[in-house]
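As the structure lists them, so they are numbered: ligands from 1, and atoms in each ligand from 1.
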Amino acid sequence: MGLFTKDIKTMDDLFTHTLRDIYYAEKQIVKALPDMIEKASDPQLKQGFQTHLRETENHVKRLEQVFSVLGQKPQGVDCPAIDGIIKEAKEVAGEVDNKQVLDAALIAAAQAVEHYEMTRYGTLIAWAKQLGRNDVITLLNQTLEEEKATDKKLTSMAESQVNCKAA
Ligand SMILES: [Fe+2]
Ligand SMILES: [Fe+2]
């Protein structure tokens, strides 16, 4: 995508662009999660991040399947949004000097990531329906459901234990 060329002309192009965006984002999340696993103190949170790392590796593979169904080569495109969310998470984590407060900060950062993913998959599913690409909806939906479940788990961990230990 060039600065002076308008490469996105159709909804199909826009769909592909957004697919490449989330493909890049999922790969960045795979790279970021090990650091979050290491920083987490609460055993349940650590375990939750570990589980989601494995799920995220699978999200990358699912997207590769989507590209393949569409007859396209898997390709990423820079996603400044996810880069920003991850950068901010690292910066905040670096400023926190208390393990319990750090756990609360990690959960907040992880939920920002999950919500970003949820908007992308939600949009892709809506566009796939509109474009008559029902063949990729199931794959996209499986991932969306895992993102939603992760977000819910993070909320319950925060509200049931992490936030009160930190406060
Ligand atoms: Fe994901
Ligand atoms: Fe996720």
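Geometry note: the Fe ion (ligand 2) is the vertex, H52 NE2 and E114 OE2 are the arms, and the angle is 80° (rounded to 10 degrees).
A salt bridge links E145 with K148; the closest basic N to acidic carboxylate O contact falls under 4.0 Å. The residues R120 and E147 are annotated as not salt-bridged, no charged nitrogen and carboxylate oxygen being separated by less than 4.0 angstrom.
Side-chain contact between D42 and K165 is present, with heavy atoms from C-beta onward closer than 4.5 Å.
For the Fe ion (ligand 1), the nearest N, O or S atom contributed by H59 is named ND1. Looking only at its N/O/S atoms, E147 has OE2 as the one nearest to the Fe ion (ligand 1). The nearest N/O/S atom of E117 to the Fe ion (ligand 1) is OE2.
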Exercise. May I have the step-by-step check of salt bridge (Lys or Arg N to Asp or Glu O under 4.0 Å) for D35 and K39, ending in yes or no?
Key: CA-CA 6 Å; D35 187 46; K39 282 181 180 146; 2.8 Å; yes
